[in-house]
Amino acid sequence: MWQSFLNEVLAYHYSISPPHRSSLTLLKGIERATSSFPIASCDSPVTYYKMIAKMTDYLLRFVANDRSFVHILDEHDVLITASCTSDTCVVPSCMNVFVVDRIPSLRAIQQFENKFGQTPKTVRIYHVMKNRLSYVTLTSDTYCTRLL
């Protein structure tokens, strides 16, 4: 449920051209997503506003100044949108994935390969609610994972 909220915010933010992205456009995306996300979907209004506050804090810290390529995954781990910073939209070497809960790094890499026909050099998986970043660097056929 919260993944769709996150996807909506990020889809709005990354639909704006990189030079015009800012904390303000991110906040506008949060406002838009909040207006289409009913309070009744949570246990209580307190839970609802607490989750919105956590998401806002996280997004402002990790996304507001990000101008790189992004993949947004829904709750079924399906690639729903991709954004490219260059006009030519060259396949990027780095993939950022923003998820509320979890996604296996190999699954994210597989989706990238299916979409672009090549393996990304780096995958950053941002776990929003756990406030954690899994950083996967691929080298040849092996990869190493770091938690930051």
Side-chain angles (χ1 to χ4, degrees), residues 1-87 89-116 120-138 143-148:
M1 143 174 106
W2 285 103
Q3 187 67 49
S4 61
F5 175 86
L6 178 64
N7 290 349
E8 188 175 333
V9 172
L10 292 172
Y12 175 79
H13 180 70
Y14 284 104
S15 70
I16 297 168
S17 65
H20 301 291
R21 288 184 203 146
S22 67
S23 296
L24 182 60
T25 59
L26 190 57
L27 288 171
K28 284 181 183 176
I30 292 168
E31 181 181 26
R32 287 171 53 128
T34 303
S35 66
S36 65
F37 200 73
I39 293 175
S41 62
C42 289
D43 298 340
S44 71
V46 172
T47 303
Y48 175 83
Y49 288 112
K50 193 173 175 181
M51 291 296 285
I52 298 284
K54 281 183 181 181
M55 290 273 203
T56 301
D57 175 58
Y58 179 89
L59 291 168
L60 287 172
R61 284 191 287 134
F62 290 100
V63 179
N65 298 316
D66 179 41
R67 307 226 185 291
S68 64
F69 193 91
V70 65
H71 285 282
I72 304 168
L73 302 165
D74 71 8
E75 57 270 15
H76 304 294
D77 300 338
V78 177
L79 181 68
I80 61 163
T81 188
S83 174
C84 205
T85 55
S86 69
D87 292 333
C89 206
V90 175
V91 176
S93 62
C94 178
M95 178 171 79
N96 292 331
V97 181
F98 298 94
V99 291
V100 173
D101 293 316
R102 316 187 92 223
I103 180 175
S105 56
L106 290 177
R107 174 80 171 123
I109 292 164
Q110 187 178 47
Q111 288 180 342
F112 186 94
E113 289 172 342
N114 290 343
K115 176 91 172 158
F116 297 106
K121 292 181 181 154
T122 306
V123 178
R124 292 185 194 102
I125 300 178
Y126 296 88
H127 300 278
V128 176
M129 296 319 296
K130 294 186 171 116
N131 203 11
R132 191 179 85 217
L133 165 64
S134 300
Y135 189 50
V136 180
T137 304
L138 301 167
Y143 68 91
C144 71
T145 303
R146 284 171 285 203
L147 295 177
L148 303 175

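- Residues satisfying the side-chain contact (heavy atoms from CB on, under 4.5 Å) criterion with Glu113, sequence neighbours excluded, are Ile109, Thr119.
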What side-chain donor-acceptor pairs closer than 3.5 Å can you find for residues 47-54, not counting sequence neighbours?
from: Thr47; atom 1: OG1; to: Ser44; atom 2: OG; distance (Å): 3.1
from: Tyr48; atom 1: OH; to: Thr34; atom 2: O; distance (Å): 3.2
from: Tyr48; atom 1: OH; to: Phe37; atom 2: O; distance (Å): 2.9

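- There is no side-chain donor-acceptor pair under 3.5 Å between Gln110 and Asn114.
- Scanning all heavy atoms of the two residues, the minimum distance from Glu8 to Ala33 falls at OE2-CA, 3.3 Å.
- Residues satisfying the side-chain hydrogen bond (donor to acceptor under 3.5 Å, both in side chains) test with Ser41, not counting sequence neighbours, are none.
- By the 4.5 Å heavy-atom criterion applied to side chains, Leu26 and Thr56 are not counted as neighbours.
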Query raised in the report: What's the verdict on side chain to side chain contact (heavy atoms under 4.5 Å, CB included) for Arg21 and Tyr14, showing C-alpha distance, side-chain angles and the deciding distance?
Result: CA-CA 8 Å; Arg21 288 184 203 146; Tyr14 284 104; 3.4 Å; yes

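- At least one side-chain heavy atom of Ile30 sits less than 4.5 Å from a side-chain heavy atom of Phe5.
- No side-chain heavy atom of Val9 sits under 4.5 Å from any side-chain heavy atom of Arg32.
- In terms of the side-chain hydrogen bond (donor to acceptor under 3.5 Å, both in side chains) criterion, Ser35 has no residue partners (sequence neighbours excluded).
- Checking each of Asn7, Ile125, Leu6 against Val99 for a side-chain contact (heavy atoms from CB on, under 4.5 Å) leaves exactly one that passes, namely Ile125.
- Summarising the geometry of Gly29 relative to Tyr12, their closest heavy-atom pair is CA-CD2, 3.3 Å, with the distance given to 0.1 Å.
- The two residues Gln3 and Val100 make their nearest non-hydrogen contact at OE1-N, 2.7 Å.
- Scanning both residues, Leu60 and Ser23, for their nearest heavy atoms gives CD2-CB, 3.9 Å.
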